[in-house]
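Read the structure below first, then the notes.
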Amino acid sequence: MTTIELKKGQQVAPVVKVKRKSRIGKLILQSGMIGWLFILLVWQIASVFSEPMFLPSPYLTLVGAIEIASDGTLFLYMGYSFLRVLAGWTLGLLIAVPFGLLIGTNKFVRALFEPVINFVRFIPPLAFITLFMLWFGIGEQSKVFLIVYATFFVITINTLTGVLSISNDKLLSAKSMGASKFQTLIYVVIPATIPYIFTGAKLAMGSSFMAIVGAEMVAANEGIGFMIWNARLYFKTDWIFVGLVVLGLMGFIMDRIFAYAGRKLLGRYKIV
Amino acid sequence: MTTIELKKGQQVAPVVKVKRKSRIGKLILQSGMIGWLFILLVWQIASVFSEPMFLPSPYLTLVGAIEIASDGTLFLYMGYSFLRVLAGWTLGLLIAVPFGLLIGTNKFVRALFEPVINFVRFIPPLAFITLFMLWFGIGEQSKVFLIVYATFFVITINTLTGVLSISNDKLLSAKSMGASKFQTLIYVVIPATIPYIFTGAKLAMGSSFMAIVGAEMVAANEGIGFMIWNARLYFKTDWIFVGLVVLGLMGFIMDRIFAYAGRKLLGRYKIV
Amino acid sequence: MLNTITEEAIVIKNGAKTFQTDIENPTYVLKNVDLSIKKGEFYVLLGPSGCGKSTLLNIIAGFLDLSVGELHIVTSREENRDGRGFVFQSADSALFPWLTVEENISFGLKMKKVPPEKRKKIANTFIKLTGLLGHAKKFPDNLSGGMKQRAQLARVLANEPEILLMDEPFGALDAMTRRTMQNELIRIWKETNKTVIFVTHDIQEAILLGQKIGIMSVGPNSRIETAYDVKLPYPRDITSIDFNNHYKQVQAHFEDFSI
Amino acid sequence: MLNTITEEAIVIKNGAKTFQTDIENPTYVLKNVDLSIKKGEFYVLLGPSGCGKSTLLNIIAGFLDLSVGELHIVTSREENRDGRGFVFQSADSALFPWLTVEENISFGLKMKKVPPEKRKKIANTFIKLTGLLGHAKKFPDNLSGGMKQRAQLARVLANEPEILLMDEPFGALDAMTRRTMQNELIRIWKETNKTVIFVTHDIQEAILLGQKIGIMSVGPNSRIETAYDVKLPYPRDITSIDFNNHYKQVQAHFEDFSI
Amino acid sequence: ACGNDANSANADGKTIRAAIDTAAGGSFQIRTAAANNYFADRELNVELSNFAYGIDTVNAVLTKQADTGLAADYALLNSLGKGDFVVVSSLTGSDEHFNSVSLSEILAVKGIEVPADIKGKKIGVAKGTVSEYQWAKCLEHYSISEDEIKYIPYSTPDEAIVGMKKGDIDVVIGTGALIEKFKNIDGVHEIDRLSSVPDLSVSSYLIVDRKFAEANSEEIGKFLKGIEQGIEYVKGNPEGTADIGYKELKITKEDILLDLKRVNYTLGFTKEDYTHLSNMKAYLLERGILDEDFNLDEKLYLDPAKQVLKDKVTY
Ligand SMILES: Nc1ncnc2c1ncn2[C@@H]1O[C@H](COP(=O)(O)OP(=O)(O)OP(=O)(O)O)[C@@H](O)[C@H]1O
Ligand SMILES: Nc1ncnc2c1ncn2[C@@H]1O[C@H](COP(=O)(O)OP(=O)(O)OP(=O)(O)O)[C@@H](O)[C@H]1O
Ligand SMILES: O=C([O-])O
Ligand SMILES: [Mg+2]
Ligand SMILES: [Mg+2]
């Protein structure tokens with residue numbers, strides 16, 4: 001028989017200091033700074049082995065950004081793109097949520113539309129550019145509707161999933177406490193679906209930023225998408241990169257703001 | 001005191017026949033045929049109130065499809081687009097799954113890359129066209145990599161979520177049954193993550209079809225995306241519609257095949 | 001016919017239930033169910049897993065229809081739905097997590113458009129009755145399992161149902177909490193004078209709570225095999241000799257039809 | 001030092017555990033824990049919710065480290081990890097749903113590269129022992145709660161641990177299934193001669209199973225207040241007078257430190 | 001669908017919705033005219049909208065999103081049969097002083113030294129633009145059959161630049177500012193000038209929705225006068241033009257100045273224009289690129305130009 005002695009516990013005291021030290025390291029790690037530095041480094045090295053015309057370094061990109069920002073153009077473009085995204089996303093939400101609730105609560109309507117949704121959702125917004133221009137004109141409408149389209153399915157499908165995953169117990173208990181069908185919709189179905197709607201809206205925010213470049217490809221006079229297209233036409237690679245970084249930043253910041261607002265305002269709905 | 005008599009139950013027998021009848025109705029409803037007919041009807045009516053140039057009717061679209069299919073062009077284009085999607089999606093899967101597993105299982109790598117991922121994922125594939133041409137040429141490679149990019153984040157994020165949601169009990173029990181770290185990865189982490197990987201792969205399939213139109217904007221001579229762009233140059237609205245319908249169909253069919261294959265082959269992993 | 005059962009709150013005559021609708025000779029989950037529960041009685045439905053206890057309770061609640069037979073519910077209410085309150089096994093799935101405990105409890109009152117002040121007053125009564133004082137502003141997710149089940153009970157009671165239907169309400173609680181809740185339930189039942197149907201498959205729980213225990217047979221074609229009377233005073237002591245004699249007798253029933 | 005405890009399988013001396021790492025005076029979940037369990041003993045850890053039973057069991061399992069104090073595990077194994085098998089409360093979260101019952105049971109053997117035929121033989125032994133014959137090819141999701149817990153037990157036993165650690169393994173089962181599983185566990189324990197630590201907060205379960213019951217005090221600074229001996233022969237009858245006397249005595253302990 | 005208001009041509013003519021291009025020349029004469037209020041001075045409200053290529057502006061007119069558009073000869077002829085719009089004036093082209101293709105170069109990668117070397121190589125061609133015609137003419141001139149080369153179609157210049165760099169394209173036609181960018185690639189050099197191909201020139205034209213033009217003949221006249229003033233400004237003040245271009249398009253001033261050198265802004269409509277278009281149409285029909293013929297004369301509406309530009313209309 002062997003006798004094995006496992007782990008003699010240590011006093012807690014000496015552990016404390018060690019942890020204290022690593023806390024700053026942990027903070028740096030969690031902030032993602034190292035990840036950023038790593039990416040910048042890779043970008044810098046890659047640009048050294050290339051030409052600025054093809055792959056501008058992070059520094060040259062910054063110079064380009066300052067150039068285009070100095071007369072306020074960059075911020076104007078950001079504003080335009082942002083407002084288009086916001087308008088399209090809001091409108092998308094206003095259309096898709098009631099639609100999702102409708103097909104979620106009504107079996108007949110669901111049977112009617114679900115197959116169609118599962119078909120149309122594979123048609124990319126980009127394929128609709130010409131058609132939307134035809135139908136909605138070359139002004140803001142067609143751009144906004146392209147974004148509405150880009151947000152529609154993800155919000156609808158998430159809302160639908162939310163409605164379908166409400167536990168039967170909740171519906172039965174509302175019924176047995178005397179709630180009418182309409183009251184059940186307002187006071188049970190909608191609140192229970194909010195976390196799903198929120199997730200859908202968050203994903204749709206991402207899709208909106210995907211769609212803005214397409215929306216601003218045709219007949220736009222301003223916007224980050226317009227900037228990227230123009231830079232392509234004249235081969236201003238540094239501005240393409242400025243556009244990429246700005247899009248990433250705008251999406252990232254919107255996402256964080258949205259998540260934060262969700263936590264603050266919809267806390268009771270346990271959004272994720 | 002009121003005395004209320006609730007529902008006298010009926011014999012079951014007469015119910016049977018009624019249900020039999022409605023079964024066919026149910027089948028029709030579930031097949032989504034009504035939804036399709038409804039959409040075709042709306043499309044047809046709308047096209048009557050418009051011009052073929054703006055909105056070709058379903059019939060004219062079919063004529064256009066037959067025209068472009070008669071010499072096999074349509075099928076050739078479908079083949080090209082399909083192979084590009086397949087190649088990009090497969091490659092995306094091969095890159096994103098191991099990456100997702102890595103950042104899921106290694107806290108340090110996760111802290112390094114998660115913020116970067118959350119930034120880059122907002123940059124639409126379209127914005128990367130120039131860059132991808134630069135890195136991968138204007139041939140097939142850049143088209144395929146654009147699709148790889150479009151699939152990468154959704155698969156990575158799903159894989160990561162899967163790894164993070166493995167119950168601690170599973171990991172501890174593997175450990176206490178003597179599994180090494182590597183064995184735990186192979187025999188516990190990966191199988192437990194398969195449903196998430198599958199969901200990610202399925203969503204990525206959708207993204208691939210979204211990206212193909214963008215990918216075939218660039219120096220393509222064939223493909224459904226090329227067809228849509230070319231139709232724009234020559235203002236053949238009916239071909240745009242053929243393109244839309246074909247994309248929807250291809251996506252829809254791939255999605256169903258994928259779901260079916262998943263159920264058959266990965267049944268034990270309880271994919272959803 | 002009903003004149004013979006005026007004392008009764010719930011009566012089922014020759015009830016049967018099948019979930020199959022499109023075959024000639026369906027399998028019945030429940031068959032030949034006869035049941036008669038007096039006003040104010042604490043009735044326990046005891047039976048093995050899957051025999052159809054929940055199905056029967058859902059039929060009494062009006063959530064499901066009998067396939068064959070008669071169901072009579074007797075209350076003093078105009079609207080029958082209100083007459084019956086249902087406590088689900090899983091408080092997690094029944095409570096509304098986006099409402100505070102108090103808001104959950106007021107839900108039924110709000111649906112009936114009771115004015116806010118009155119709602120608050122009534123909610124408070126049941127918060128006190130169920131021992132939830134100090135937890136009114138919390139959300140269900142921040143409560144322990146026992147607290148959640150108290151909140152669900154309070155929510156149902158706030159609608160002042162005459163009949164309380166409970167489907168294994170303590171099945172998911174740990175042993176100690178369960179014991180406490182059982183005692184509380186008896187206290188509340190005595191105070192409020194409800195007719196209670198309580199579903200369980202725990203023999204000890206059945207004897208601890210019930211005045212009458214309806215012992216169900218194994219399904220399909222499950223029915224109420226025996227209605228067993230428990231003539232012990234409350235509160236009951238599970239370590240007493242009388243209690244354990246009852247336990248042995250009920251247990252014997254189950255061995256009879258060998259589960 | 002160890003020469004004085006050769007009979008023991010598990011010893012903890014003055015153990016303490018805190019989860020806080022970066023404050024000067026941490027709150028301890030466990031403090032001054034002394035524990036000594038004999039080889040082959042059936043030891044029950046009984047205590048109120050949240051007192052630290054799981055934490056203590058995880059420390060013994062090697063999943064967590066003591067912050068202060070000594071832990072000794074004595075087995076005849078070279079590799080200590082194998083010496084201890086852990087049965088989790090939730091079979092759902094512990095079993096691998098993508099493996100059949102048999103594959104789950106063979107998992108540990110596969111990790112140790114035992115050849116397939118031998119694996120199959122060993123798995124079969126434990127399938128029989130736990131009454132799972134006929135379920136070997138099923139997936140866990142197609143089993144009832146009781147069956148799942150049997151599968152988990154079989155999986156742990158297949159690794160032939162000398163010590164069996166069980167964290168409320170029957171807490172999620174319904175009353176009748178729980179009773180059956182308790183009897184089975186005693187049978188298996190007798191057959192296999194393991195040292196068992198069984199965590200519960202059900203007094204009845206503790207007395208039904210344990211040779212010794214370690215009663216823990218309320219946390220924080222929870223410790224093993226009393227080690228209570230149950231000198232009743234197996235199988236025990238919960239309706240017997242002796243049993244109920246034990247019940248009253250253990251219950252009195254809890255009233256002492258008022259939970 | 002619901003775009004009806006956008007689809008209806010605005011009949012009162014108070015506002016001209018003019019679609020202009022950003023990539024195929026930049027439409028600086030119209031841009032500066034608007035920026036310097038030359039239209040406003042004539043009590044004409046002009047709304048400009050930007051599209052990448054001429055073909056996009058033609059589509060905008062076709063779909064009634066714009067009242068006027070512009071197109072190079074090749075794209076123009078391909079579209080004229082499709083909708084009811086008319087040519088009211090030329091915009092750019094060649095004259096006795098200036099050959100519009102003289103500043104276009106045929107550029108090739110290392111190893112291709114003379115035009116004959118093109119055989120068997122990959123030629124980059126901008127999809128749907130006049131570049132298709134130019135290559136056809138070039139190859140004819142070099143006596144190389146189209147079967148002996150491989151066309152690589154591209155839709156934006158960056159594809160061509162990258163294509164050359166990566167070896168996916170061997171030869172392109174470069175114009176204006178892009179020539180420098182091509183030449184920045186290691187080994188890329190000029191092998192010929194497009195002007196060496198006989199009878200090859202490019203001209204572009206202003207097109208207007210027919211109903212709109214006929215109803216607002218006077219306004220079209222003012223529009224042309226405004227453009228005329230814009231051309232004067234561009235010629236006399238390239239720096240100022242570059243400033244306006246940068247402000248509106250974010251194209252660097254150097255690029256704009258280079259682009260300005262290669263264009264010859266014109267107005268009016270000459271006999272040569274007519275001959276040029278007729279010849280090209282015949283070519284397109286012969287090649288089967290155009291499947292339905294149309295009467296060119298019916299597509300001309302030169303009244304406003306005749307009114308305001310008199311001597312510049314010689315057809
Ligand atoms: N909606 C339904 N459709 C079809 N079969 C059902 C449905 N609900 C219940 N059943 C079947 O009816 C039988 C009785 O189920 P029920 O849930 O009433 O049993 P139970 O006694 O409450 O079981 P448990 O103790 O596990 O809660 C089971 O065989 C079950 O499969
Ligand atoms: N990983 C952890 N980090 C911080 N605190 C923890 C952790 N695990 C447990 N605790 C705390 O330690 C205390 C004891 O928890 P533990 O789960 O051991 O109790 P328990 O007796 O098993 O309770 P239960 O009967 O509910 O299972 C609790 O206050 C708990 O919040
Ligand atoms: O760009 C063209 O007008 O062809
Ligand atoms: Mg039940
Ligand atoms: Mg625990």
Side-chain angles (χ1 to χ4, degrees), chain A residues 26 28-36 38-39 50 54-55 107-108 111-131 134-135 205-206 209-214 217 224-225 228 231-232 235 237 240-241 243-245 247-252 254-256, chain B residues 26 29-36 38-39 53-55 107-108 111-131 134-135 205-206 209-214 217 224-225 228-229 231-232 235 237 240-241 243-245 247-252 254-256:
Chain A
K26 213 173 155 189
I28 292 174
L29 198 68
Q30 279 176 343
S31 73
M33 258 159 58
I34 301 174
W36 288 112
F38 177 77
I39 293 292
S50 181
F54 289 100
L55 183 61
K107 266 189 199 163
F108 182 76
L112 205 66
F113 283 110
E114 224 182 346
V116 180
I117 289 176
N118 276 325
F119 171 84
V120 182
R121 72 188 173 94
F122 289 104
I123 308 176
L126 215 51
F128 275 107
I129 285 183
T130 310
L131 290 176
L134 269 176
W135 297 340
M205 182 72 76
F209 277 93
M210 296 277 150
I212 191 73
V213 173
M217 246 173 82
I224 298 297
I228 291 178
R232 279 193 63 193
F235 211 69
T237 329
I240 297 182
F241 274 82
L244 295 181
V245 173
L247 273 182
L249 267 180
M250 283 171 68
F252 179 75
M254 280 303 290
D255 192 67
R256 288 299 137 117
Chain B
K26 212 173 154 189
L29 198 67
Q30 278 175 345
S31 74
M33 257 159 58
I34 301 176
W36 287 114
F38 178 77
I39 291 291
M53 196 171 79
F54 287 89
L55 183 63
K107 267 188 198 164
F108 180 76
L112 205 64
F113 283 110
E114 224 183 347
V116 181
I117 289 175
N118 275 325
F119 170 84
V120 183
R121 71 188 174 95
F122 289 104
I123 307 176
L126 212 54
F128 273 108
I129 285 185
T130 309
L131 212 58
L134 197 65
W135 292 338
M205 182 71 77
F209 277 93
M210 296 276 150
I212 191 72
V213 173
M217 261 173 73
I224 298 297
I228 290 175
W229 285 114
R232 174 179 142 271
F235 213 74
T237 323
I240 296 184
F241 267 82
L244 295 183
V245 173
L247 272 183
L249 268 180
M250 284 171 69
F252 179 76
M254 281 301 291
D255 191 68
R256 289 297 138 117

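Chain letters run A, B, ... following the sequence lines, proteins first and then strands; every chain starts at 1. Remember, it's a predicted structure, so these values are computed and weren't measured experimentally.
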Practice task
Taking all heavy atoms of A:Ile224 and all of A:Gly243, pick out the closest pair and write down the distance.
Solution key: CG2-O, 3.8 Å
Completion exercise
Checked A:Met250, A:Arg121, A:Met210, A:Met254 vs chain B; the most non-hydrogen pairs under 4.5 Å come from A:Met210
Completion exercise
Between A:Asp255 and B:Phe122, the two heavy atoms sitting closest are CB-CZ, 3.5 Å
Exercise for the section: Measure the CG-CZ distance between A:Leu112 and B:Phe38 for me, rounded to the nearest 0.5 Å. Expected result: 6.0 Å
Exercise for the section: Would you mind checking which part of B:Ile240 comes under 4.5 Å of any heavy atom in chain A, side chain (CB onward), backbone (N, CA, C, O), both or neither? Expected result: side chain
Handout entry: Part of B:Phe119 lying under 4.5 Å from any heavy atom of chain A
Key = both
Practice task
Work out which heavy atom in B:Ala111 is nearest to a heavy atom in B:Pro115; give both atom names and the distance.
Solution key: O-CD, 3.4 Å
Handout entry: Which of B:Leu126, B:Leu247, B:Ile129, B:Val245 touches chain A most, by non-hydrogen pairs under 4.5 Å
Key = B:Leu126
Fill in the blank from the handout: Here the pair of heavy atoms bringing A:Leu55 nearest to A:Phe241 is CD1-CZ, 3.2 Å
Exercise for the section: Heavy-atom pairs under 4.5 Å with chain B are the metric here; pick the option from A:Phe209, A:Phe128, A:Trp36 that has the most. Expected result: A:Trp36
Exercise for the section: Quick one: which of B:Thr237, B:Val120, B:Ile117, B:Leu131 has the most heavy-atom pairs under 4.5 Å with chain A, could you say? Expected result: B:Leu131
Problem - Residue, of B:Leu244, B:Ile228, B:Ile212, B:Leu249, that accumulates the most heavy atom pairs under 4.5 Å with chain A - result: B:Leu244
